[in-house]
Every structure is written in C-alpha cells, then in structure tokens.
Asks: 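Shown below is the structure under consideration.
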Amino acid sequence: MLLEHLKSEIYQDLQAAAIQAREEGKLAFEELPLFTLEKPREKVHGDLAANIALVLARPAKTAPRKIAQIILEYFPTGSNRVARHEIAGPGFINLFLDPSWVYAVLPEVEEMDDRYGCSSIENSEKVQVEFVSANPTGLLHMGNARGAALGDTLANVLAAAGHEVTREFYVNDAGSQIETFGRSLEARYLQLLGQDVPFPEDGYPGEDLIDSMRGLISKAGDKYLQVAPRLRREILVKYALQEKLEQMKRDLADFRVHYDIWFSEQTLHDSGAIEAVLKELQQKGYLYEKDGAIWFRSTLFGDDKDEVLVRSSGVPTYFAADIAYHKNKFQREFNRVINIWGADHHGHIPRMKGAVDALGYDSDRLQVIIMQLVRLFRGGEPVRMSKRSGEYVTLRELIDEVGTDAARYFFVNRSADSHLDFDLDLAREQTSDNPVYYVQYAHARICSILRQAGDLTPAQEIDCSVLQDPAEVSLLEGIAELPGEIKYAAASLEPHRLTHYVYNLANLFHGFYTTCHVLNAEPGLREARLALINACRITLRNTLKIIGVSAPERM
RNA sequence: GUCCCAGUAGCUCAGUUGGAUAGAGCAACGGACUUCUAAUCCGUAGGCCGGGGGUUCGAAUCCCUCCUGGGACGCCA
C-alpha cells in the first residue's frame, strides 16, 4: 500500500515535471504517453526506474538522455522519499528511495492483518466470474479442476483488489445432453434389473451412472419398471442430477471452491427467457430462417460463420440458452462478466461476443479466459484419458491422491494459456522438489519461532530501522510488494503471478532465516526481527489464502 | 484448408501494453548444520529465446514467412 502510494505519487510528479517542461518550452510533445515506473531487475539501478524519457524520445524528437535531464530539472527532489536520482543507460531515470520507507510497512501489515494486500480502489466494479460449469452428467475431470483452481483464485484476487465479486456455476440441466443422460440412466437401470437392453451408442459410459442407478434401486427397488419410459427417464434424471450436483458441490467444497450462485439453465427455458431473447434478436434483424432452422448472423460481428439458434426440430440450441444466460448476467448489472473456458471452446468466443453486442451491451464487458488443456503424467508417462470412454482422472481422485493444497498450487502456478503437464508423482511428493511445501514450510518455521518468542511488541513501538542486514531489507521489500502484486494480477487476470510472488517471498524468508537469528538477537534487534517475521507470516498466509492453499503452523 | 494456443537452460516453466547484462525450480557438480524446523541456505555450470526476414535508438516481446506440437472448425455442449 505504502509502496503503491509512493509509486503513484512519484509517477504523477514525473508526469507533472514533463508537462511543466513543455509549458516552459523545453520539451515539445502532444500527449504524454504512458510510461512504466518499476522496480528494476538490477539493484544498482535503484529502487524504481522510469522509462518516461525513452517513450518521449519520438514524440519530442529529442535524445532520451537529454529529455531525462530536462524532466529532472522540474522533478522535486527531497520529496516523496526520493533520496537521489540518476540518468542511466539509454535514458532511464533511476530513483533511489530514502531507505527508511520500507520500515513503515511493518506497522501497516500488523494493523491490516487479514486485510493486508487488499485494496479499496476508486473504480471498484461489480464482477462476475463464471467457471467450471461442467455438465452434471458426469464427474469433474482435470480440466474442470484447473478451471476451478484458476477461477476461484482469480475471484479471490479480484475481490482483494477491491472489486465486488460473484462466483457462479452455470448448471447445464437442460438440452440434449440431459436427454442423452436420461437414456443412459434408463439403460443402466434396466440392465441392473436384469434386462438385456443395449446401451445407447451416444450414451455416457461412466461407471458413475451405474453407481447412481444402483443407489436408486437400493432405495426404491424396481418400482419404475412399470412406469412409462418417458416419465421414467424424467424421474431417473431428476434423481441422478440432484445426486450429481450434490457430489460436485461436495468435491468442489473439498477443493475449497464455494459458489455464490448455481444458475440453472432449465430456468431460462421455463421462464421464457430464451424465447424472449430470440424475439429481441428477431426484432433487431439479426435472425433469419434457412433449412427450417433459425440462424443468428454472427458473421455481422466478425464470426466466420452464422450459427443455429433454433433447430429445424424447434428445439433451441445450447447457444440460444447461453445468449439468454448472458443477457441475464448483464441485467444483473455486472460491470464485467468473466468466463473461464477450456481451449476447446475458443471458437465460441466471437459468436458469444457478437450476441452480446447484438443485445446492445458492450462486448468488452465480457472477458473470456481460455485455458489450455491438462496432460497428466504418472511415472513419467502420460495418463491416457478419454471422456468418451469414461476413463479419466476425476477431481475427487486428484484430491485424494495429491491433496487440495498441492493441486491448487500446481494449477495456479501456470499461466492459463500454457498447456499444463501435471506431474502427479511430483505433486504428491513431500520434498523440496515440491514448491508448495517450500512455501508452507516458511510459514511453519515462522510460527515455530513465534511460539517460542512469547508476547510480541507492537511494531508501532519498535525502532525498525535496526533492520539493516541485506536479507532483512530484501524481506521487507518483498513484504511491501504484495498489494501491488495483487493489483497487477487482478488487472491482467493472471493469478499465476501470486504463486510466483509467494514462492519468492518464501525464498527471501529462508535466506533471512539462515543469515539472521531472531530469538537470541540482542534486545531491540530481537523485537524488530520478531515484528519482521510476524509481518512475513501475515503476508505468506494472506497470499496462500488467495491461492486457496492452507498455511500450516507446524509441519 | 482456416482460426486459436504454445515453442526460452538437459526437464518443467516465468519473463511479451518494446527497455539496461534473458530468470526460477528440478536435474548435475561443489560447499554450509554446537544455536529459532536442513522440507533450508550459499556457490559453480548450463542459452543462435524454433528458423529466416523486417520495423527502430533498442526485439524473447511488434509485423511477415516458414517449421514443429496441441486444440477448434456440428441443426454437440
């Protein structure tokens, strides 16, 4: 927070300096371009480096180093904790902060505690994150697991960055797959009761359907044998669907994913919302009839072909329901709607955005994160999976085998658009190879020291400037970076930044731990180090919480 | 064939709204435990950033092209 404040003030000072220089005729440019003010990779380049002179070079038609010099003439020295500055390399402005700034982070972390890292931003938005939304006709697989970890973490990140977040699961409890589901269940039901009936060719072959029907038979016996097939399928679907949903909720809860809303597709059919949205598109002239079906002119919005909304049979497609669903989202006044989809849905984006535009909403308010597929490895070999054959590793099995902590960390640790090779053996290993333990261990180590330390002195009452060792200063700086990291991760929709951040912070702590002893340090220094590790504990814990990984006090 | 994603150290991956000497983990090699948890730390080595062209003060990052891997192209969802 402090660091963020400093940065934004310095940024503004640089802007002001450039504009002042222009007013006095020293620089000529039309509009000040955006520039970066970042912590440079190399320590010798200062605490913050600005490339303002470089980006101004072209518009101002002046050599970057010359521009930097001019800007610095108008840059207030001594304020905002800038101790000194220099022009370096091709024209960077390197700023060296008064070293005292880092110490202010300790009381702040202590005071904010659970809230440290969180911001309350001025332009807070109402954001919806829809993720997983798996078909309830089967079990949750690895792709769903990745979506769950990513979606939930992203929602946490957005919330921490000050947005109002709703997590939503769209339940596909209508349409043709439910039809197929019903026929599959019926076949299993009859087969279990000794009838020699064929299993539908396009049916869902998973064992879980058999289990489900076995459960039904043990409760209700064979009484549905006498019921008319159509009604029978309805009953079986209703039973199995509820069971499946409960199971999904249970498994996701064990994965520490909790939704605000489970939105039923069926309600869109029942309420007439789909009909209404079709009518609206019709009136706006975006629909036409061909081959007995009703089509949406998605090509008007940049799609490569038009899309069927109502089949020639009169039954609306999934896409029609999805349009109604998205209209519903915008009617609920979300400023932004974020969907996390698997890579196999990427072709769906242009038409979905097209439909949103057609309905009169700005399609930029719909953001789709495409995540690439997951490949599982066990014993160095890829695990063969096929949803069609019903052979795949489920979320439940993943939780049982590697645990929620490791699984979530691994999923979040990779950017969404990278193909993920998930090494089950590595995730299960409780060794230093496994980054999640590395981070948790740092937290446990701190807790161990704090247990032995007795009461803490409030950071406010301590002279923290005794923390002069490079390991101490680096750790302080690392702690100070969390609010900025969260903002960045939220703005770029990249939760994987958080695992990288927390790993780095753990690394800084372990380095500190080796160099600096806490409990037997001299009076004064001891209290300051205790305050430091306590702040580090809070920072580690809060970040792990966002990722959805536990912060154990003992290991 | 068209579109999307990826190609960076032996392996898994960061880094891409263009910035300074391209990073981390693992694996390899060499060190560090009388003291708060060695599930740790320090060091060494490891690279035509897939190839080729271009844009400019500057390209892993942007553009073009080619190669390789994965995915999508249905009145499925």
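Throughout, protein chains are lettered first and strands after them, A, B, ... in sequence-line order, and every chain is numbered starting at 1.
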Asks: Could you check Glu38(A) against Asn94(A) and say which one's nearest nucleotide on RNA chain B is further toward the 5' end?
Replies: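 This one resolves to Glu38(A).
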Asks: Does the side chain of Tyr437(A) get closer than 4.0 angstrom to OP1 or OP2 of rA39(B) through an N or O atom?
Replies: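 So the side chain of Tyr437(A) is outside the cut-off, no N or O lying under 4.0 Å from OP1 or OP2 of rA39(B).
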Asks: May I ask you to verify if any side-chain N or O of Ser448(A) is less than 4.0 angstrom from the OP1 or OP2 atom of rU37(B)?
Replies: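 Ser448(A) to rU37(B) OP1/OP2: side-chain N or O found under 4.0 Å.
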Asks: Quote, to the nearest angstrom, the P distance that separates rU55(B) from rG71(B).
Replies: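 My reading of the P atoms in rU55(B) and rG71(B) gives 37 Å.
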Asks: What interatomic distance, in whole Å, is found between P of rG1(B) and the corresponding atom of rU44(B)?
Replies: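 49 Å, rounded to whole Å.
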Asks: Considering every strand and a 4.0 Å limit on heavy-atom distances, what is the contact class for Ser312(A): base, sugar-phosphate, or nothing?
Replies: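 Base, at least one base atom sits under 4.0 Å.
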Asks: Starting at CZ of Arg58(A) and ending at C1' of rG18(B), how long is that distance when rounded to a whole Å?
Replies: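 These atoms are roughly 10 Å apart.
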Asks: Please classify the nucleic acid contact of Ala444(A) as base, sugar-phosphate, or nothing, using heavy-atom distances under 4.0 Å.
Replies: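 Base: the residue Ala444(A), judged by heavy atoms under 4.0 Å, touches a nucleobase.
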Asks: Counting side-chain heavy atoms from C-beta on, which of rA39(B), rA24(B), rA77(B) comes nearest to Asn135(A)?
Replies: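 That would be rA77(B).
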Asks: Of all the nucleotides listed (rG25(B), rA20(B), rA72(B)), which has the minimum atom distance to the side chain of Pro40(A)?
Replies: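 The nucleotide sitting nearest to the side chain is rA20(B).
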Asks: Tell me the interatomic distance from Phe35(A), atom CZ, to rU17(B), atom C1', rounded to whole angstroms.
Replies: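 Atom-to-atom, Phe35(A) to rU17(B), this comes out as 15 Å.
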Asks: Taking CD1 from Ile349(A) and C1' from rC4(B), how many angstroms apart are they, rounded to a whole number?
Replies: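 After rounding, the gap between these two atoms is 8 Å.
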Asks: Pick the C1' atom in rU68(B) and in rC75(B), then give their distance to the nearest Å.
Replies: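 Going atom to atom, C1' in each nucleotide, I get 36 Å.
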Asks: Does the pair Lys290(A)/Asp306(A) count as a salt bridge with the N-to-O cut at 4.0 Å?
Replies: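 Salt bridge between Lys290(A) and Asp306(A), a charged N being under 4.0 Å from a carboxylate O: no.
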Asks: Can you check whether Arg445(A) has a side-chain N or O nearer than 4.0 Å to OP1 or OP2 of rA38(B)?
Replies: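 It does, given that an N or O in the side chain of Arg445(A) lies less than 4.0 Å from OP1 or OP2 of rA38(B).
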Asks: Donor-acceptor pair, Asn413(A) side chain versus Thr499(A) backbone, under 3.5 Å?
Replies: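 The answer is no, because no donor-acceptor pair under 3.5 Å joins these two groups.
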Asks: Taking only N and O in the side chain of Asn507(A), is any of them less than 4.0 Å away from OP1 or OP2 of rC41(B)?
Replies: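 The answer is yes; a side-chain N or O of Asn507(A) sits under 4.0 Å from OP1 or OP2.
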Asks: Roughly how far apart, to the nearest Å, are rC5(B) and rA22(B) at atom C1'?
Replies: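 Comparing C1' positions in rC5(B) and rA22(B) gives a spacing of 23 Å.
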Asks: When the distance from CG of Leu540(A) to P of rU40(B) is rounded to whole Å, what number comes out?
Replies: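 In whole Å, rU40(B) P and Leu540(A) CG are 15 Å from each other.
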Asks: What about Asn520(A), does its side chain sit under 3.5 Å from the base of rU35(B) through a donor-acceptor pair?
Replies: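 Donor-acceptor pair under 3.5 Å: yes.
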Asks: When rounded to the nearest Å, what value does the distance between P atoms of rG70(B) and rC13(B) take?
Replies: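 It works out to 15 Å between them.
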Asks: I'd like the C1' distance from rA6(B) over to rA27(B), given in whole Å.
Replies: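 My reading of the C1' atoms in rA27(B) and rA6(B) gives 24 Å.
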Asks: Rounded to the nearest angstrom, tell me the gap between atom CD in Glu201(A) and atom P in rC76(B).
Replies: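 Spelled out: CD on Glu201(A) to P on rC76(B) is 16 Å.
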Asks: Please determine, for rC41(B), whether a Watson-Crick or G-U wobble partner exists with both distances under 3.5 Å, and give it or none.
Replies: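 Its partner is rG31(B) (Watson-Crick or G-U wobble, both distances under 3.5 Å).
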Asks: Within the 4.0 Å heavy-atom criterion, would you say Ala293(A) contacts the bases, only the backbone, or no part of the nucleic acid?
Replies: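 The answer is base, as Ala293(A) lies within the cut-off (heavy atoms under 4.0 Å) of a base atom.
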Asks: Verify the neighbour count for atom CD of Glu401(A): are there more than 12 heavy atoms of other residues, nucleotides or ligands below 6.0 Å?
Replies: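 Yes - once you tally the heavy atoms of other residues, nucleotides and ligands closer than 6.0 Å, there are more than 12.
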Asks: How long is the line joining CG of Asp303(A) and P of rA72(B), in whole Å?
Replies: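 That distance rounds to 17 Å.
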Asks: Report the nucleotide, chosen from rU37(B), rA20(B), rA72(B), that has the shortest atom-to-atom distance to any side-chain atom of Arg554(A).
Replies: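 Between rU37(B), rA20(B), rA72(B), the one nearest the side chain of Arg554(A) would be rU37(B).
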Asks: With the side chain of His348(A) defined as its heavy atoms from C-beta on, choose the nearest nucleotide among rG25(B), rA77(B), rG70(B).
Replies: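 Minimum distance to the His348(A) side chain belongs to rA77(B).
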Asks: Check whether any side-chain nitrogen or oxygen of Thr515(A) sits under 4.0 Å from OP1 or OP2 of rC41(B), and answer yes or no.
Replies: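 It does not, given that no N or O in the side chain of Thr515(A) lies less than 4.0 Å from OP1 or OP2 of rC41(B).
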Asks: With nearest nucleotides of RNA chain B determined for Val518(A) and Pro90(A) from heavy-atom distances, which residue corresponds to the more 5′ nucleotide?
Replies: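 Looking at the nearest nucleotide for each, Pro90(A) comes out on the 5' side.
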Asks: Less than 3.5 Å between a donor and an acceptor, one on the side chain of Thr317(A) and one on the base of rC75(B), is that the case here?
Replies: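 Donor-acceptor pair under 3.5 Å: no.
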Asks: Take nucleotides 8-15 of chain B nucleotide by nucleotide from the 5' end and write B, S or -, depending on whether a protein heavy atom sits under 4.0 Å from the base, only from the sugar-phosphate, or from neither.
Replies: ----SSSS
Asks: Ring of Phe509(A), cation from Arg445(A) - is the NZ or CZ under 6.0 Å from the centre and inside 45° of the axis?
Replies: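 No, a cation-pi geometry is absent between Arg445(A) and Phe509(A).
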Asks: Would you indicate, yes or no, if rC76(B) has its OP1 or OP2 atom less than 4.0 angstrom from a side-chain nitrogen or oxygen of Arg311(A)?
Replies: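 Yes, such a contact exists.
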Asks: Can you see if the side chain of Gln452(A) gets near the phosphate of rU37(B) - specifically, an N or O under 4.0 Å from OP1 or OP2?
Replies: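 True: Gln452(A) side-chain N/O within range (under 4.0 Å) of rU37(B) OP1/OP2.
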Asks: Does the structure place the NZ or CZ of Arg84(A) under 6.0 Å from the centre of the six-membered ring of Phe96(A), at an angle of no more than 45° from the ring's axis?
Replies: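 Flagged: Arg84(A) positioned over aromatic ring of Phe96(A).
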Asks: Just checking Ala442(A): base, sugar-phosphate only, or nothing, at a heavy-atom cut-off of under 4.0 Å?
Replies: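 Nothing, no heavy atom under 4.0 Å.
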Asks: Please report the distance, rounded to the nearest Å, between CG in Leu54(A) and P in rU61(B).
Replies: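 The answer, rounded to whole Å, is 19 Å.
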